Amino acid sequence: MSEATTKGPLSPELLAKMDAYWRAANYLSVGQIYLKDNPLLERPLTLDDVKPRLLGHWGTTPGLNFLYVQWNRLIRERDLNMMYIIGPGHGGPGLVANTYLEGSYTEIYPHIEQNRDGIKRLFRQFSWPYGIPSHVAPETPGSIHEGGELGYSLLHAYGAAFDNPNLIVACVVGDGEAETGPLATSWHGNKFLNPATDGAVLPILHLNGYKIANPTILARIPHAELEELMRGYGYEPFTLEGDDPLVMHQQAAAVFDTMLDRIAEIQKNAREGGSTKRPAWPMLIMRTPKGWTGPKVVDGKPVEGTWRAHQVPLSEIFEKPEHLRQLDEWMRSYKPEELFDEKGKFREELADIAPKGRLRMGMNAHANGGLLLKPLNVPNFRDFAIEIEGRGQKDAESTRSLGQLLHAVMEANKEQKNFRVFGPDETASNRLGDVITGTGKAWMAETLPVDENLSETGRVMEVLSEHMCEGWLEGYLLTGRHGFFNCYEAFIHIIDSMVNQHAKWLKVTRQIPWRKPIASLNYLLSSLVWRQDHNGFSHQDPGFIDHLMNKKAELVRIYLPPDANTLLSVADHCLRSKNNINLIVAGKQPAPQWLPIDEAIAHCTIGLGEWKWASDENPEVVMACCGDVPTLETLAAVCLLKAKVPDLRIRVVNVVDLMALQPQSEHPHGLPDEEFDLLFPVGTPVVFAFHGYPWLIHRLTYRRHNHDNIHVRGYKEEGTTTTPFDMCVLNNIDRFQLALDAIMRVPRLAQTVDAAQQWYSEAIQRHKLYVAENGDDLPEVKDWRWPQDLTR
Ligand SMILES: Cc1ncc(C[n+]2csc(CCOP(=O)(O)OP(=O)(O)O)c2C)c(N)n1
Ligand SMILES: [Mg+2]
């Protein structure tokens, strides 16, 4: 052993064991990618031992394995509560290997025994039909982050660390991953992490130099520039560079010791010394070869240390005998006979250097958040209900009532510190400002006298990045806490892809018995398409509803409460629910209030229903509505119809829970067909005013008996900065249009259609002229109220 290798914190004995442990992890990783038999290489490798399809990623894996062994030592020596998050989740074989070596894998999956048969099964199941996925998937012990879609690792890490003061979240960021937008902004998590009350994040930039087919930007800028970048983000960068394993183990141990000391010092200063300064948290730049310890040259081309190591470095095993020989040589280079005994059990003296019990990263309870989930205390939402004196007579900002409820939730969970509200700078704009009062907004950066409500212990998280809000919240939920995300409706699309991934995670975890249910991901979308008075077309897009609709029915709930009391009832339900993705779409503008709280609760419980106070018996037409503005327009249309055709029998049906429209076979909230047919009688035309894109209603009601009679109005991508009512007119969801639609659909009124069309044209012309001239809506529209004599 050279001088350089012996110098450092590791004793020669521990150094040798850590290197052997690493070789074991690498061996098991390669074995998973390639082998279905001969797991200990007890005979020369033949084609019969090799999987027919070689699937997986080698390049990132040895680096991940190297880090895991280092972390194991830190956990043991310092008794750390540490969990891992792996950005390049395609390094799945490494995490499976490590959790196997530490024993957690076998505890969770007893058939993957600690012997030859177990290793064979471990190899065979990987990337095998009905086996396990290639990534750090929900099936992988200790994971909360699949890492398939790159970019969210550091966000999940910060989300996990908030309010977990004793937790250290080690987070590997791929140098390719670091090029993504979400990751690039995630470094700013350190402006929101309080060293006194939150845990620590230990970021490791895994600078293996390459992505799939290209070098990475951060590997090709001068090292000093990269360090400056990290300093600019507010970190204290450390560097580890090299490729000689023994030297690297020693140097890594030294650098990690320093970094952990730094973290301990930062936390001590904050917790005991009362420091409120934003610290420069340590981060590591680890520059090691991609595919480290793998084949150096294949078919005459360099592989180790290049992008060619990304997936399967020897990919033509069946075509080229040389590849099989190289694979045999590569696997034997890890000296399996030194690592496993004759029965195939990982040797005791090596296994012994891993942490034990709950300290093993594969067993960290935070990574199975449901285990730690404490129910959220939700105070009685009736306390915030709006008094209804006459239907629609009083205006209120619905989301303001929700803000009051959220504030009460904050207060009720102050002690257990397991609730946060997230939003991209819009919490006050969405009229949820009450939640900020007394709670404060998290902020560790500089504050000025002009600032309001910024606080080092704030629990409202505001940062102008939907990615950050979403990623933090996911990390927070996945580690067993509760949260609420509020966002402008149009811009929630920015995280479409992230919610996809979360939905996939939830779908899979539902099938994994040891994964306990976590709190639901709750969205409130406000600043809606219909009321973008300041902003216009760029801010008009209700399509997130459609996006979520594609997810598994068992996961998704979509609510469009028409007023404050229904919003309160829906929010109460969402805050208590588990393992779902709940979307609430509700306006923030002053709007008429319809339902007393008891009626609101009953209405939301079923999800849709006739508003009897606005309806007639034996309807000739059903006026259906979903969403606050469509509800208002529908009721105004009913009023117009009553004036024009006084004997027309109309039923008003309001839909809060969009999923109730689907048959029960499609969604657990689906209304039984018999009940649907009672509400929407076969043969009776339905004029349906919908908040979002109209075709969604057809999709949901496609199998319903009365589907052919459902005629939907909704947003059809017409918009600009105009008056609220003109937005409705532009999209043909206005009260005049809805009234005309009803007349056109009721057979007995066929004779009156021409006159009605004339009436409609005149009304719209009058409206257009008025708004063009006055810049505001017609008084008869703007000041319209539901006539009390129409209330049954
Ligand atoms: C958002 C996203 N875009 C593209 C990909 C396809 N992809 C998978 S791995 C990879 C390269 C990753 O490089 P890096 O983060 O450096 O990981 P490593 O080198 O450790 O494998 C790419 C582009 C992806 N998984 N996610
Ligand atoms: Mg890379």
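Both ligands and their constituent atoms are indexed starting at 1 by order of listing. All residue numbers in this chain count up from 1 along the given sequence. Owing to the predicted nature of the structure, the values given are computational and were not obtained by experimental measurement.
- Residue Gly59 places every heavy atom at 4.0 Å or more from ligand 1.
- If you number the atoms of ligand 1 from 1 as listed, the ones under 4.0 Å from a heavy atom of Gly148 come out as 24 (C), 25 (N), 26 (N).
- Atom NZ of Lys36 has more than 12 heavy atoms from other residues, nucleotides or ligands within 6.0 Å.
- When distances to the Mg ion (ligand 2) are checked against a cut-off of 2.8 Å, Thr60 contributes no N, O or S atom below that limit.
- Proximity of Thr180 to ligand 1 is not established, as no heavy-atom distance is less than 4.0 Å.
- For ligand 1 and Glu177, the ligand atoms under 4.0 Å from any heavy atom of the residue are 14 (P), 15 (O).
- No N or O atom of Glu149 sits closer than 3.5 Å to an N or O atom of ligand 1.
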message: Is there a side-chain contact (heavy atoms from CB on, under 4.5 Å) between Val463 and His188? Walk through the geometry before answering.
response: CA-CA 9 Å; Val463 60; His188 287 305; 5.9 Å; no
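- Not a single N or O atom of Ile212, backbone or side chain, sits closer than 3.5 Å to an N or O atom of ligand 1.
- Taking 2.8 Å as the threshold, Thr216 does not count as a candidate ligand of the Mg ion (ligand 2), since none of its N, O or S atoms lies below it.
- At a cut-off of 2.8 Å, Glu177 is not counted among the residues with an N, O or S atom near the Mg ion (ligand 2).
- A salt bridge links Glu236 with Arg262: the closest approach of a Lys/Arg side-chain nitrogen to an acidic carboxylate oxygen falls below 4.0 angstrom.
- No part of His57 comes within 4.0 Å of ligand 1, judged by heavy-atom distances.
- For ligand 1, the atoms lying closer than 4.0 Å to a non-hydrogen atom of Pro88 are 17 (O), 20 (O).
- By the 6.0 Å and 45° rule, Arg420 stacks over the aromatic ring of Phe162.
- For atom 1 (C) of ligand 1, the nearest protein heavy atom lies closer than 4.0 Å.
- Residue contacts with ligand 1, taken as heavy atom pairs separated by less than 4.0 Å, involve Asp175 via backbone and side-chain atoms alike.
- Look at Lys120 and Asp49 and you find no salt bridge, because none of the NZ, NE, NH1 or NH2 atoms lies under 4.0 Å from a carboxylate O.
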